[in-house]
Amino acid sequence: MSTGRHEGQRLDTRTTWRRPPVLPILVIWAVLTVLLLLFAPVPARLMGRPASPTMQEIETTVTWFTGLSAPVAALVWAILLYSVFRWRHRGPQPPPEDGSGRRDNRRVFTIWVLGSAVLCLFLLVWGLVVIAPRTSEANPAQEPILVDVTGQQWAWSFTYPDEGNKSATELYLPVGQTVAFRVTSKDVIHSFWLVQLGIKVDANPGETTVATVRPTQIGTFQLRCAELCGLYHSYMQTTVHVVSVADYEAWAQSPAEAHS
Amino acid sequence: MTTSVTAAPSPPVAPVTAGGIMRHLNVVTGIVMGVLLATATWWVTSSTFPVLDEGDHKDDAVTILTLVAWVIGFLIGVGAFVGPARWLLGRDLTVEDEHYLAGKDAGVARYFRFTTDHKVVGMQYLVTTMVLFGFGGTLAMLIRTNLITPGSRFVDPATYNSLVGIHGITMIIATIIMVSGPFGNFILPIMIGARDMAFPRLNALSFWLLFAAVPVLISSLFLGGISTGWSAYAPLSDQANRGMDAFLVTIVTFAISTGVAGMNITTTAVRMRARGMTWSRTPIFVFGTVASVALGLVAFPMFEVAMIELGMDRGMGAGFYDPSIGGSGWLYANLFWLMGHPEVYVILLPAIVALMEITPVFTRKPLFSFTSAILGIMGIAGLSLFVWAHHMYVAGWAPVLGGPFMVTTELISIPTGLLFLVLLGTLWRGRVWMRLPVMAVYALLWNFTIGGITGIYLSDIPVDQAMHGSMFVTAHFHYTLMGAGLTGAMGALAYWFPKMTGRMLHEKAGAIGFWVAQVGFNVTFMGMFAVGLAGQPRRVADPGTYFRVGNLISSIGAYTIMLGMLTFLGAIIYSWRAGSVASASPWGARTLEWQTPTPVPLENFEVLPVVTQDFYGYGEDGHRAAAGAPAPGTPGGPGAPPPQGPDAPPQRVEVGAP
Ligand code: HEM
Ligand SMILES: [Cu+2]
Ligand SMILES: [Cu+2]
């Protein structure tokens, strides 16, 4: 980085990157990068096993972002660590001599800007490419199952227009089929969050918003409200049952009360 | 020493009459007037307003008007309108009046009245900021205490929601003012070589508006609390209890205060810089603070409008946000985030630039790449006006705009990266004199890396779909607001403390408190990231047993923060009263505020400085320009010559005052 005179202007014939402080910083950087890369799968682990392709995609993105930011964070922290241990001046007085008077470094500036632009471009492409199929999912080959979702202080209710407007207070979904939720609210804004399925959309009074998902795991999952909606917001949750198609059919045929 | 360096000793009779009616007005008369006017308003409105059938708007209308009356009454009582009134009567102020207003020879009393001296205003802001942090921090501890165990056993959900809301808005207000209030007022004018702010009376007004807003904010505790979170989403805020009225009056008052302060600081920086202080010689702190307050000038009116509409909804049934009569919660959300996103940079920028001022001093190196710093600040300030809807990705409002807003949001990472470059480049190969102020640089760079990277996760729409409204967001913004913003402000306080109080901040106690708080901070919010990823929504009184461990960790971290902050506060209070006396320039820094004596005389400079080069010329020509910086503890004394070694380059020439 800096080619400036320093450390007594010893004549050092090694190329820039092999001279201190660059080499030791590179080493710290490499170590930190490896550590952070080892850490990269952790966030996705915390998010739990994905129960839909959407959630799968999100966890992949999170892991990639963590991995890609590893070298960036490691660079910042490597310089900090080295600076703390090697460049520190102790004592009640400032160091007797000023540091180098260098104010700028074109090359570093250029590399820095280009580097962050490339990373940013990557993020943009990544993000936009992932959104693109999502919008086309609105009209998939197979008709999605419709579920009307209504939030109200402090409970969720569901109606299934395809099943003779069957209504329920716990969500039943067949595995492997695309479901489209039409979400609205009776009072204030709530947010319809299927935690392990990785979708969320606000329930707005007077509006209907749509979210689609294809559950791929049989099991029970959580639906939680993700927008502060008043007194019992934290209890505004219910169970999501993703069941086999046969079980779903059976449930759909059963009388309205039988499920709870 | 005496503080009068500007005028010949005034004739003995002058003090008796100078100031006119202002002699009798202070914070006590303000409070009395405020309470009187509020009581009268309450009585009149509650006995005359009709109760309409279709809604209980009367209570809200009465509450709003009463609180507004308090603010106006307080301002009248403290004398904020005396100046304009005298102009209307065609009686302008005499020089003695001006001096009286500036608090000349008034001792401690000048902190308790409408004093125009920017240094007094800066101190008032400093103390107010610390009080707000103490209040907001106490609420935070109550929140974390409730979350130690599942089941919301410590407080009931209603109280919990109020705590969250009041904590949030208190901290937002505190962080907005924490740097530009104390240091933007006290330090900035001296730093640019001015005798005061451009509009001293507006300066006092901005502080007393803030002061008037604080009791209103606290009154929400007794009016049912702020049960909506600081974002006050409508229509929830339409139906919330009367704490909401206190909230909106607080915001409107505060928005006017920041508007007044913003205009004042901007004008001061543009118009009042010393001779020779071209833009390229202006310290970076000035750029960043001006960018911040100017951004606020654009942003806060949005909030103000949103709150006035909310007030009309609540007090008159206007229905701006009520879908059943054609309103929309999305209108509110847009207005709110049009303020909300720029606001986060309003908070961050002054903290970062304060550290940019500090780093060169303690590395004895010039600020690395001034251009990058300017580009970074301008890029952030510009872009941040166009990203607000990343808070609304899942709102359902205009899903097609998700892509564009993702683009603008992710673009911000480029100018943000430039700020990192400046700090790292300045640290690069610098012999770091490891004192408390510069420690904040290390802590900030650590925390802000995490805050920035998690921001990028959130800017990705699919990821935000999972993370929005979860504790992950809470952790993200605490890493930026507290980990970066507040950390920077603490560094700034340690740095300018000697100039402002005349004493050194106790280094050991301060540093211990600082680092304990930093460790606690990272524990708290790492735990919060974890529970957020695992699916815990934010603002829940009872997260459930699944998140027990993560929440326990966060709460332990929070108690650690408290310990650290109390230690830091103890260091401040102790040092302020009994710390070792500081010299005029204990750090050997070059900016102008260090070239004037401590305590700073009434009009700052005996002779106004003329600037011939910028203030970062460390290490140039092999000189050590600030040589001879007296050791801490040696009083600089009045009019001490600025520290200049015999071989120092002629960095400034002083010319006589006009
Ligand atoms: C590095 C660039 C940053 C990016 C890309 C970013 C991105 C985001 C996004 C997308 C959200 C919305 C999350 C959601 O609610 O779903 C968010 C929330 C937030 N961010 Fe950032 N952010 C960045 C830096 C910052 C900084 C520097 C600050 C403050 C100094 C900040 C403060 C906040 C706050 C306060 C919120 C949440 C407000 C609330 O919901 O109460 N962010 N950020
Ligand atoms: Cu809710
Ligand atoms: Cu934002």
Side-chain angles (χ1 to χ4, degrees), chain A residues 1-2 6 21 43 46-47 57-58 61-62 65 69 73 76-77 79-80 83-84 87-89 92-95 97-101 103-104 109 112 116-117 120 123-124 127-128 130-131 188-189 191 195 198-202 204-207 209 222 224 226-234, chain B residues 157-158 228-229 233 235-236 323 329 363-366 369 372 394-396 402-403 406-407 410-411 413-414 417 420-421 424 427-434 442 445-446 449 453 456-457 460-463 465-466 468-470 530 533-535 537 539-542 588 618-620 624 629 631:
Chain A
M1 222 197 246
S2 167
H6 193 61
L46 285 167
M47 295 173 81
E57 214 166 64
I58 292 169
T61 305
V62 166
F65 278 17
S69 31
V76 176
W77 295 344
I79 298 177
L80 291 187
S83 162
V84 166
W87 289 334
R88 165 187 209 155
H89 165 85
Q93 292 287 325
E97 248 176 69
D98 278 5
S100 108
R103 283 163 178 265
D104 224 326
F109 175 80
W112 193 275
S116 48
C120 184
L123 294 176
L124 291 177
L128 293 172
V130 175
I131 306 178
V188 301
I189 300 179
S191 199
V195 180
I199 61 160
K200 181 180 293 138
V201 71
D202 281 2
N204 296 277
E207 307 279 350
T209 50
Q222 261 103 48
R224 290 199 76 152
E227 185 64 61
L228 178 58
C229 54
L231 189 55
Y232 292 118
H233 162 58
S234 66
Chain B
T228 58
Y233 261 26
L236 181 63
T363 56
R364 319 303 305 174
K365 284 182 66 205
S369 194
S372 298
V394 304
M406 187 169 79
V407 172
E410 290 179 350
L411 280 179
S413 56
I414 298 177
F420 276 86
L421 175 66
L424 288 172
L427 286 180
W428 186 257
R429 289 183 155 215
R431 299 272 311 279
V432 188
W433 185 28
M434 199 56 81
Y442 289 83
L445 285 173
W446 170 273
T449 304
I453 288 172
I456 288 171
Y457 291 37
D460 186 81
I461 295 174
V463 177
Q465 205 156 256
H468 173 78
S470 79
L533 285 165
R539 296 167 172 161
V540 289
D542 179 6
Y618 299 98
E620 269 160 16
R624 190 139 129 44

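The basis for the numbers below is simple: all heavy atoms, side chains too, and nothing from hydrogens, waters or symmetry mates. Naming convention: chains lettered A, B, ... in sequence-line order (proteins, then strands); numbering from 1 in each chain. Values in this document were obtained by computation on a predicted structure and should not be read as measured data.
For the atom pair CD (B:Gln465) and CD1 (A:Ile58), the distance works out to 6.0 Å, reported to the nearest 0.5 Å. Residue B:Thr228 holds its OG1 atom at 10.0 Å from CD of A:Glu227, rounded to the nearest 0.5 Å. Here the straight-line distance linking atom OH of B:Tyr618 with atom CZ of A:Arg103 works out to 10.5 Å at 0.5 Å rounding. Note that CH2 of B:Trp428 and OG of A:Ser100 are 11.5 Å apart. Values are rounded to the nearest 0.5 Å. Distance check, rounded to the nearest 0.5 Å: CG of B:Asp460 to CZ of A:Phe65 gives 4.5 Å. Here CG of B:Leu427 is found 8.5 Å from CD1 of A:Ile79. Values are rounded to the nearest 0.5 Å.
With a 4.5 Å cut-off on non-hydrogen atoms, B:Tyr233 touches chain A through its side chain but not through its backbone. Contact annotation for B:Pro323: only side-chain heavy atoms (C-beta onward) come within less than 4.5 Å of a heavy atom of chain A. For chain A, the nearby part of B:Thr449 is the side chain; its heavy atoms alone come within less than 4.5 Å.
For A:Phe109, there are no ring-ring contact (aromatic ring centres under 6.0 Å, His included) partners two or more places apart in sequence or in a different chain. For A:Val195, the side-chain contact (heavy atoms from CB on, under 4.5 Å) partners are A:Trp193, A:Gln222, A:Arg224, not counting sequence neighbours.
Residue B:Glu410 comes nearest to A:Leu124 through the heavy atom pair OE1-CD2, 3.1 Å, listed as atom of the first residue, atom of the second, then distance. The two residues A:Ser234 and B:Val540 make their nearest non-hydrogen contact at CB-CB, 3.3 Å. Residues A:Val76 and B:Phe420 approach most closely at CG2-CD2, 4.1 Å, considering heavy atoms. Here the shortest heavy-atom pairing between A:Val62 and B:Val463 reads CG2-CG1, 3.9 Å. Residues A:Ser191 and B:Val394 share a closest heavy-atom pair of OG-CG2, 4.5 Å. Residue A:Ala73 comes nearest to B:Ile453 through the heavy atom pair CB-CD1, 4.0 Å, listed as atom of the first residue, atom of the second, then distance.
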Could you go through B:Val432 and A:Ser83, starting from their C-alpha distance and side-chain angles, then the distance that decides it, and tell me whether this counts as side chain to side chain contact (heavy atoms under 4.5 Å, CB included)? CA-CA 8 Å; B:Val432 188; A:Ser83 162; 3.8 Å; yes
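Considering only heavy-atom pairs separated by less than 4.5 Å from chain A, the leading option among B:Ser470, B:Gly229, B:Pro157 is B:Pro157. Looking only at heavy-atom pairs under 4.5 Å with chain A, the residue among B:Gly396, B:Ala541, B:Gly535 that has the most is B:Gly535. Of the residues considered (A:Thr209, A:Val201, A:Leu80, A:Leu231), A:Leu80 shows the highest number of contacts with chain B, using heavy-atom pairs under 4.5 Å. Of all the listed residues (A:Cys120, A:Ala226, A:Gly230), the one sharing the greatest number of non-hydrogen pairs under 4.5 Å with chain B is A:Cys120.
A donor-acceptor contact shorter than 3.5 Å links the side chain of A:Trp112 to the backbone of B:Gly417. With B:Trp433 contributing its side chain and A:Gln93 its backbone, the two residues share a donor-acceptor pair below 3.5 Å.
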